[in-house]
Peer 1: 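One structure follows; several queries about it will come next.
Every chain is numbered from 1, with letters handed out A, B, ... down the list of sequences. This is a predicted model, so every value here is computed, not measured.
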Amino acid sequence: MSVRTRFAPSPTGYLHIGGARTALFNYLFARRHGGQYLLRIEDTDRARSTPEAVQQILDSLEWLGLSPDEPPVFQSQREPRHAEIAKALLAMGKAYLAYDTPDELAAMRAAAEAEKRPFKYDGSRWIGMEAKDAPSVAPAIRIIAPREGETVVKDLVQGEVRVASTELDDMIILRSDGTPTYLHAVVVDDHDMDITHVIRGDDHLTNTFRQCMVYDAMGWRRPHFAHVPLIHGADGAKLSKRHGAVGALDFREQGFLPEAVCNCLLRLGWGHGDTEIISREDVTKIFDIADVGRAASRMDYAKLSHFNGVWLRAADDARLTREVLERFAKRGVLFGTDGAARVETLMPDLKERAKTLEELAGSAAFAVHEGPPPMEAKAAALLTPEAKERLKDLAVFLTDAPWERKDLEQWLRDYADVKGVKLGSVAQPLRIALTGSTTSPPIDAVLAALGRGEAVTRILAAAEG
RNA sequence: GUCCCGUUCGUCUAGAGGCCUAGGACACCAGCCUUUCACGUUGGCAGCACGGGUUCGAAUCCCGUACGGGACGCCA
C-alpha cells in the first residue's frame, strides 16, 4: 500500500508555524516515499470553527507550497459515518450506552479530587443494562477500554511507548446529542482515508493510546505514528502572539520568503549532518522522519532572517522585483515603468544587502522616487561645503562620462586619480546625492540604473540644497 | 496529583561506547576584503542538567534526582 499522510488542523484560528511545520513533515514524508499528502479540516467544533479560518489555512498552505494532493476532507461532513461506526461497536458489544449526566460526571471528578486519587470513569453498571431499566436521559456511547495488559505504540520519532491499561478508561465516542468525539472521529477518518502514517504534534502522544482502542475494537490495522515535538517561543514557553509573528501569513507580511520559512522550520527539529541550507527538491530526496529530534525547540527569529537572506540572494530578480513593486503599491510609493526597470536593473545588487522583502523595498525606494529622494539626517550631515563642491564638479564632468556600469567604475577611479583624492571622497557624496542615504548598492550600479539625466539632476539638487 | 515525553554552546543542531582536546549554523566580539552597506573570509567566546552505576573506555547504555513540556473533557 502506498504511503498516505495527512495534516489535520482545526479551523479555530490562523495556521501557526507549529502547524506549518507539521504540514511540512507530512508533505516531505509522503513525497519521499512517493505517496500522497492530504488535508483534513477538523471542524467538528461548530462553535469555534469559522469559514474564514478554513480559508486562511488554505491560503497559508498554498503560500508555503504545501497544498494537499486531493481536495480537503471536512470532518463535520462525515458525522453520519462516525455515528455508524459507534453504533457498530455498540452492536458488537464493544461499546455501551452510558446514562451519566454532565453534572454527575463533574461530581465524580470532584469526589476523586477531594480524595486525592486520580479520576477514572467506571461505567460497569451500564454494561448489559436493559433499555427499560435505563434512566430517562439521552445516553452517550462509551467504548470499552482494555481491562488488563498494556498498549504499546512504536512511534517513529519517540520510539516504543507503552501505557498500562489501568491508565485507560471507557471513553465517550458518541455524545448524547449524537455527535462524535474528536478521538473517535479521527480514527474513523484516518481509516477511511487510508492514512498509513499519522504525523502530528507530540501533544497527541497520550491520546494515541485511546485512539488505539477504536482501531483495535474495529479490528482495523493501526497506522504508523510519528509524534513530532512542539515549537516554543524564544522564552521556552508555549508559542503565542506575544512572541512576535506566529501565523504563517504574518511571515509573508513581514517580507519572508516561503522557501526560507520552510527551510527554517525544517531545521527546527530535523537534522541531517551539517546541512543547513537545503531546497525543497533536495530535502525531498533525503528526508527521514527518524531524523526528527525528540525535544521541543524554540523559534529563532534571528536565524530565520539569516535563512531569508540566503534565499533572497538566490531568488530570481524578476520575482523579487514584482514583490518589491507590490510593496511599493501598499506603501503608497508611486512608480512608473522606468522606475520598475531601474529596480530590476539594481536587483542583483539590492538583494545582496537585504534580509527581507520589506528591507528590499526600503532600499529600492530611492530608485523610483520622483525627483531627488528624501535625505536621511545622517546623510545630510555629510554634505559639507567641500562635498557640495565635489558634486558640482562631478555634475559637469559626468556629462561626458560613458554610461555603462563597467566604464563608469573606471571613469570614477580615473577621476579620483586625476584629482588626487580617495575614491571614497568621491563616491560617498555621490551616493548621498543619488540615494539620500549613506548606504546603497555600489555607486557605479546606481549611476547606471538611474541614467545620466536623472543622476545629474539629483547631483545638482544635492549640491545646491 | 497520576501517566507519558524530553534535557549537547545564548538559540538550532551533529553525535547510535573508543574517530570528541565534543563538530557545524545563527547571534555576539575582533581582523581581513572594500566606494558605503552587505556578501565573503580568518580567528575568538561559549555546551554534554546533576548524582550513581555498567565498561579497559560513556555525550552516547542502565538507575535515580532536578528542571522543562504534554495528556488526563459529552474541546479539538
Peer 1: Using a 4.0 Å heavy-atom cut-off, write out nucleotides 64-76 of chain B from 5' to 3' as B (base contacted by protein), S (sugar-phosphate only) or - (no contact).
Peer 2: -----SBSSSBBB
Peer 1: Using a 4.5 Å cut-off on heavy atoms from C-beta on, say whether the side chain of Y96(A) contacts that of I141(A).
Peer 2: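 The answer is no, as the side chains (C-beta and beyond) never meet within the 4.5 Å cut-off.
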Peer 1: Grab the CG-C1' distance between L382(A) and C37(B) for me, whole Å please.
Peer 2: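 Rounding to the nearest Å, CG of L382(A) and C1' of C37(B) are 14 Å apart.
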Peer 1: Quickly work out the R431(A) CZ to A38(B) P distance and round it to whole Å.
Peer 2: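 About 12 Å, once rounded to whole Å.
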Peer 1: Look at the rings of H197(A) and F29(A) and say which category their plane angle falls in: under 30° parallel, 30 to 60° tilted, over 60° perpendicular.
Peer 2: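 Ring orientation, 0 to 90° scale: tilted.
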Peer 1: Between R413(A) and U35(B), does any side-chain N or O lie under 4.0 Å from OP1 or OP2?
Peer 2: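 Result: yes.
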Peer 1: Can you check the distance between C39(B) and C28(B), where both ends of the measurement are the P atom (answer in whole Å)?
Peer 2: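 Going atom to atom, P in each nucleotide, I get 10 Å.
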Peer 1: Would you kindly give the CG-to-P distance between L265(A) and U13(B), to the nearest whole Å?
Peer 2: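 Spelled out: CG on L265(A) to P on U13(B) is 11 Å.
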Peer 1: What is the distance, to the nearest angstrom, from the CD atom on E150(A) to the P atom on C3(B)?
Peer 2: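 Going from E150(A) (CD) to C3(B) (P), I get 14 Å.
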Peer 1: Considering only NZ, NE, NH1 and NH2 on the basic side and carboxylate oxygens on the acidic side, decide whether E259(A) and R280(A) come within less than 4.0 Å.
Peer 2: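 Not counted as a salt bridge, because no side-chain N and carboxylate O are separated by less than 4.0 Å.
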Peer 1: Any ion pair linking E386(A) and K388(A) (charged N to carboxylate O, less than 4.0 Å)?
Peer 2: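 E386(A) and K388(A): not salt-bridged.
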Peer 1: Under 3.5 Å, which donor-acceptor pairs do the side chains of residues 207-215 of chain A form with other protein atoms, sequence neighbours left out?
Peer 2:
{"unit_1": "N207(A)", "atom_1": "OD1", "unit_2": "R210(A)", "atom_2": "NH2", "d": "2.8"}
{"unit_1": "T208(A)", "atom_1": "OG1", "unit_2": "R200(A)", "atom_2": "NH1", "d": "3.2"}
{"unit_1": "T208(A)", "atom_1": "OG1", "unit_2": "H204(A)", "atom_2": "O", "d": "3.0"}
{"unit_1": "T208(A)", "atom_1": "OG1", "unit_2": "L205(A)", "atom_2": "O", "d": "3.1"}
{"unit_1": "T208(A)", "atom_1": "OG1", "unit_2": "H227(A)", "atom_2": "NE2", "d": "3.1"}
{"unit_1": "Q211(A)", "atom_1": "OE1", "unit_2": "R200(A)", "atom_2": "NH2", "d": "3.1"}

Peer 1: With rounding to the closest Å, how many angstrom separate the P atoms on C4(B) and C62(B)?
Peer 2: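 Taking atom P in both C4(B) and C62(B), they lie 16 Å apart.
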Peer 1: Do the charged groups of D192(A) and R78(A) touch, with an N to O distance under 4.0 Å?
Peer 2: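 Counted as a salt bridge, because a side-chain N and a carboxylate O are separated by less than 4.0 Å.
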Peer 1: Which part of the nucleic acid, if any, lies within reach of K120(A) when heavy atoms closer than 4.0 Å are counted: base, sugar-phosphate only, or nothing?
Peer 2: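 Counting heavy atoms under 4.0 Å across all strands, no contact is made by K120(A).
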Peer 1: Answer yes or no: is there an ion pair linking D170(A) with R147(A), defined by an N-O contact shorter than 4.0 Å?
Peer 2: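 Yes, D170(A) and R147(A) are salt-bridged.
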Peer 1: Identify whether any heavy atom of L268(A) sits under 4.0 Å from a base atom; if not, whether one sits that close to sugar-phosphate; answer base, sugar-phosphate or nothing.
Peer 2: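 Sugar-phosphate only.
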Peer 1: Taking OP1 and OP2 of U13(B), is either one under 4.0 Å from a side-chain nitrogen or oxygen of S297(A)?
Peer 2: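 For U13(B), OP1 or OP2 has a side-chain N or O of S297(A) closer than 4.0 Å.
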Peer 1: To the nearest Å, how far apart are I432(A) CD1 and C37(B) C1'?
Peer 2: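 Rounded to whole Å, this separation is 13 Å.
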Peer 1: Pick the P atom in A38(B) and in C26(B), then give their distance to the nearest Å.
Peer 2: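 Approximately 15 Å lies between the P atom of A38(B) and that of C26(B).
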Peer 1: Look at R413(A) together with E409(A) and state whether they make a salt bridge at an N to O cut-off of under 4.0 Å.
Peer 2: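 The answer is yes: the pair qualifies as a salt bridge.
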Peer 1: Output the rounded distance in Å from OH (Y415(A)) to P (U35(B)).
Peer 2: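 In whole Å, U35(B) P and Y415(A) OH are 17 Å from each other.
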Peer 1: Mind calculating the distance between CG (L430(A)) and P (C37(B)) to the nearest angstrom?
Peer 2: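 Taking CG of L430(A) and P of C37(B), I get 16 Å after rounding.
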Peer 1: If each of A427(A) and F209(A) is mapped to the nucleotide of RNA chain B with the nearest heavy atom, which maps nearer the 5' terminus, i.e. the 5' end?
Peer 2: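 Here F209(A) is the residue nearer the 5' end.
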Peer 1: Between K378(A) and E376(A), does any side-chain N to carboxylate O distance fall below 4.0 Å?
Peer 2: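 So K378(A) does not pair with E376(A) through a salt bridge.
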Peer 1: For atom C1', what is the distance between G23(B) and C61(B), given to the nearest Å?
Peer 2: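 One C1' to the other, the span is 23 Å.
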Peer 1: So is R40(A) actually on top of F7(A)'s ring, under 6.0 Å and inside 45° of the axis?
Peer 2: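 Checked: cation-pi criterion not met.
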Peer 1: Is there a donor and acceptor pair closer than 3.5 Å between the side chain of R294(A) and the base of C5(B)?
Peer 2: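 Side chain to base: no pair below 3.5 Å.
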Peer 1: Both distances under 3.5 Å, Watson-Crick or G-U wobble: report the partner of C72(B), or none.
Peer 2: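 C72(B) is paired, partner G1(B).
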Peer 1: If you measure from the C1' atom in G51(B) to the same atom in A66(B), how many Å do you get, rounded?
Peer 2: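 These two C1' atoms come out 10 Å apart once rounded.
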Peer 1: When you look at K351(A) and E323(A), which way does the salt bridge (charged side-chain N to carboxylate O under 4.0 Å, His left out) test go after all the steps?
Peer 2: CA-CA 12 Å; K351(A) 70 183 181 185; E323(A) 292 282 357; over 6 Å; no
Peer 1: Using Watson-Crick or G-U wobble geometry with both distances below 3.5 Å, tell me the partner of G18(B), or none.
Peer 2: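 Result: C56(B).
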Peer 1: In whole Å, measure the gap between the P atoms of C20(B) and A27(B) for me.
Peer 2: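 It works out to 27 Å between them.
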Peer 1: Output the single nucleotide from A38(B), U2(B), U7(B) whose closest atom is nearest the side chain of E352(A).
Peer 2: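 Looking only at side-chain atoms, E352(A) lies closest to A38(B).
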Peer 1: Say we look at U21(B) and C48(B): how far apart would their C1' atoms be, to the nearest angstrom?
Peer 2: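 It comes out at 14 Å once rounded to the nearest Å.
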Peer 1: Starting at the 5' end of RNA chain B, which residue's closest nucleotide do you reach first, R353(A) or R162(A)?
Peer 2: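 The residue closer to the strand's 5' end, by nearest nucleotide, is R162(A).
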Peer 1: Could you tell me whether G269(A) contacts a base, only the sugar-phosphate backbone, or nothing, with contacts defined as non-hydrogen atoms closer than 4.0 Å?
Peer 2: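 Here G269(A) touches the backbone only, sparing every base.
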Peer 1: Whom does U7(B) pair with, Watson-Crick or G-U wobble, provided both distances fall under 3.5 Å?
Peer 2: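 The answer is A66(B), by the H-bond criterion.
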Peer 1: Need the pair for A30(B). Rule: Watson-Crick or G-U wobble, both distances under 3.5 Å, any strand; none if unpaired.
Peer 2: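 Across any shown strand, A30(B) pairs with U42(B).
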Peer 1: Is any NZ, NE, NH1 or NH2 atom of the basic residue among R313(A) and E352(A) found under 4.0 Å from an Asp or Glu carboxylate oxygen of the other?
Peer 2: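 No, this pair does not count.
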Peer 1: Can you measure F225(A) atom CZ to C4(B) atom P for me and round it to whole angstrom units?
Peer 2: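 For the pair F225(A) CZ and C4(B) P, the rounded distance is 18 Å.
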Peer 1: Under 4.0 Å, counting only non-hydrogen atoms across every strand here, what does Q158(A) touch: a base, just sugar-phosphate, or nothing?
Peer 2: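 Counting heavy atoms under 4.0 Å across all strands, the contact made by Q158(A) is with sugar-phosphate only.
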Peer 1: On a whole-Å scale, what distance lies between the C1' atoms belonging to A25(B) and C9(B)?
Peer 2: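 Each nucleotide's C1' atom is 12 Å from the other's.
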Peer 1: Can you tabulate the close N/O pairs, meaning under 3.5 Å, that link protein atoms to atoms of nucleotides 22-26 of chain B?
Peer 2:
{"unit_1": "G23(B)", "atom_1": "N2", "unit_2": "D274(A)", "atom_2": "OD1", "d": "3.1"}
{"unit_1": "G24(B)", "atom_1": "N2", "unit_2": "E276(A)", "atom_2": "OE2", "d": "2.8"}
{"unit_1": "A25(B)", "atom_1": "N3", "unit_2": "K303(A)", "atom_2": "NZ", "d": "2.8"}
{"unit_1": "C26(B)", "atom_1": "OP1", "unit_2": "H306(A)", "atom_2": "NE2", "d": "3.3"}

